[in-house]
Amino acid sequence: MDTIIEQFFNVEIMARTFPIILRGLGMTVLVCIAVVPLGLLGGLAVGFSMQTRFRPVRLLIAAFVDLFRAIPPLVLLIFVHSGLPFAGIQLTAFGSVCLTFFLNTSAYYGEVYRAGIESVGLGQWQAARSTGLTAGQTGLYVILPQAVRNVLPDLISNTIEVVKLTSLASVVALPEMLYSSDMARAVTYNASPMTLAALIYLVLLWPLVRLVSRLEHRLGH
Amino acid sequence: MSGWSLFIDTFFRPDLVAQYLPAILKAVTITVQVAVLIVATGLASGLMLAVARSFGLRAVNLCIIIFADVFRTLPPLVLVLLVYFGLPNVGLTLPSFAVLWLVLSVVLSAFAEEILWAGILSVRRGQWEAARSTGLNFVQTLAYVVLPQAIRLTIPPLTNRSIVITKNVALGSVIGVPEILNVATTAQSFVGNCTPLTLGAICYVVLFIPVVLLGRWVETRFAWGRA
């Protein structure tokens, strides 16, 4: 028991490595600020394009969504980061992470938006259009607010997944929180820095996880 | 060299395809094995936890809720690295394969518990009361009346969650599990050509496209609220 505390919950080591991990947290936040809006916007585009009457476009979008839901994000990230340079496309670690997440999360957010848009009755479209709103205005002011409200739990839970996924960036040596804590672990020969990182993830995400659970249980009834 | 042949030479060089395809196909079988194991143990333990929760014992439920919350919150890669590099320091060395299986099963069981519990809650009270009044006891009611409906309701979210988590088998490459990504990246850095990586990516896509399509089908077939 003492060794477990010594190896995983060593407060002294945690305190010493805290500044490094905090800097990692800064990078994690930065990545999230970049990739969550990217995914939300990409997903919005995907969700609305799925509504087109033009079948080839629909099939193309569906293929895009399924492709990027099928490929594990880590595989995509490695392919972008160490595969594309062979074709002369050399992105920084941050750039690779952004591109990978854009492709992956647009697909997931897109499905969520699509479900939301389809949950709004056709009558809403027709009524809005008949008042003289253009198609774009109808989508933005009438459909989207209702769609977002209907799928809010899914949007939040997807965002939690995106934040968790940013830990993959450590694999391409982007110094976010997991990478920093892993470095600290290697230097101190002690797992406590990683426990600290895990605790920070827990503190940041747990309220959101609870919120989603409550929203979902409430909607279930 | 024309653009097309340059493209082929970079991403699909035939001799490298021939050379590395067997190794990558072997990695495919390992990936499938780990994935199947994770789904089996993850869903089974998630179901056990959800059943345990329905007995309504305060202390037990508190533990289950904390377990489910913690493992739904932590990124799987953090857990994989923590277990893989942390446990040897306390004298417990698990093979990388076991670490990956253990961590992803635990994560899946946490999600499965929450989903199944939501399913159990959504079975109407009248179902419980009617079953109990026919003389079934609590366990029989749960097993024969409530769970079949709850499971049917939760098949779509369970399927989707299982897909998301089994895709994390690729995380095994970070700790040296010889799954597809690991074998592909090793070969790629050895030959200095992207072909093995392309093969690996294609294998993952070929493996998961049917599963994703299955998930889509299941979603329409067992839509919520139809039971």
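A note on names: the letters A, B, ... follow the listed sequences, proteins ahead of strands, and every chain is numbered from 1.
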Atom [atom1] of [X] and atom [atom2] of [Y]: how far apart are they, to the nearest 0.5 Å?
X        : Y        : atom1 : atom2 : value
A:Leu205 : B:Asp69  : CG    : CG    : 11.5 Å
A:Phe8   : B:Leu87  : CZ    : CG    : 4.5 Å
A:Asn190 : B:Asn89  : CG    : CG    : 6.5 Å
B:Leu92  : A:Gln7   : CG    : CD    : 12.5 Å
B:Glu219 : A:Glu111 : CD    : CD    : 7.0 Å
A:Leu199 : B:Leu74  : CG    : CG    : 8.5 Å

Portion of [X] that has a non-hydrogen atom of chain B nearer than 4.5 angstrom:
X        : answer
A:Ser170 : side chain
A:Leu178 : side chain
A:Arg185 : side chain
A:Val171 : side chain
A:Leu67  : both
A:Tyr189 : backbone

Out of [options], return the one with the most heavy atom pairs under 4.5 angstrom to chain B.
options                     : result
A:Met177, A:Glu6, A:Arg210  : A:Arg210
A:Ile4, A:Asp66, A:Thr3     : A:Asp66
A:Ser82, A:Ala197, A:Ala191 : A:Ser82

Which atoms of B:Val206 approach chain A - backbone, side chain, both or neither, heavy atom under 4.5 Å:
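When you check distances to chain A, no heavy atom of B:Val206 falls under 4.5 Å.
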Which atoms of B:Leu181 approach chain A - backbone, side chain, both or neither, heavy atom under 4.5 Å
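Looking at B:Leu181, just its side chain touches chain A.
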Top residue by heavy-atom pair count (under 4.5 Å) with chain A, among [options]?
options                               : result
B:Cys194, B:Gly215, B:Gly200          : B:Cys194
B:Leu82, B:Leu213, B:Val205           : B:Leu82
B:Ala184, B:Ser189, B:Ala170, B:Gly91 : B:Ala170
B:Thr185, B:Ile209, B:Val211          : B:Ile209

When you measure from the side chain of B:Lys167 to the backbone of A:Leu74, do you find a donor-acceptor pair of N or O atoms at a distance under 3.5 Å?
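A pair under 3.5 Å: no.
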Donor-acceptor pair, A:Glu161 side chain versus B:Val164 backbone, under 3.5 Å?
no
Begin from the C-alpha positions of A:Leu168 and B:Leu171 and carry the test side-chain contact (heavy atoms from CB on, under 4.5 Å) through to its verdict.
CA-CA 9 Å; A:Leu168 295 188; B:Leu171 299 186; 3.4 Å; yes
Looking at [X] and [Y], what are the two nearest heavy atoms and their distance?
X        : Y        : value
B:Phe208 : A:Ala70  : CB-O, 3.2 Å
A:Gly83  : B:Phe11  : O-CE2, 4.0 Å
B:Val78  : A:Met194 : O-CE, 4.4 Å
B:Thr10  : A:Ala87  : CG2-N, 4.1 Å

In sequence, state the C-alpha distance, the side-chain angles, and the governing distance for A:Val65 and B:Arg216, and then conclude on side-chain contact (heavy atoms from CB on, under 4.5 Å).
CA-CA 11 Å; A:Val65 168; B:Arg216 250 185 212 284; 3.8 Å; yes
How about A:Trp206: does its CH2 atom have over 12 heavy atoms from other parts shown lying under 6.0 Å from it?
no
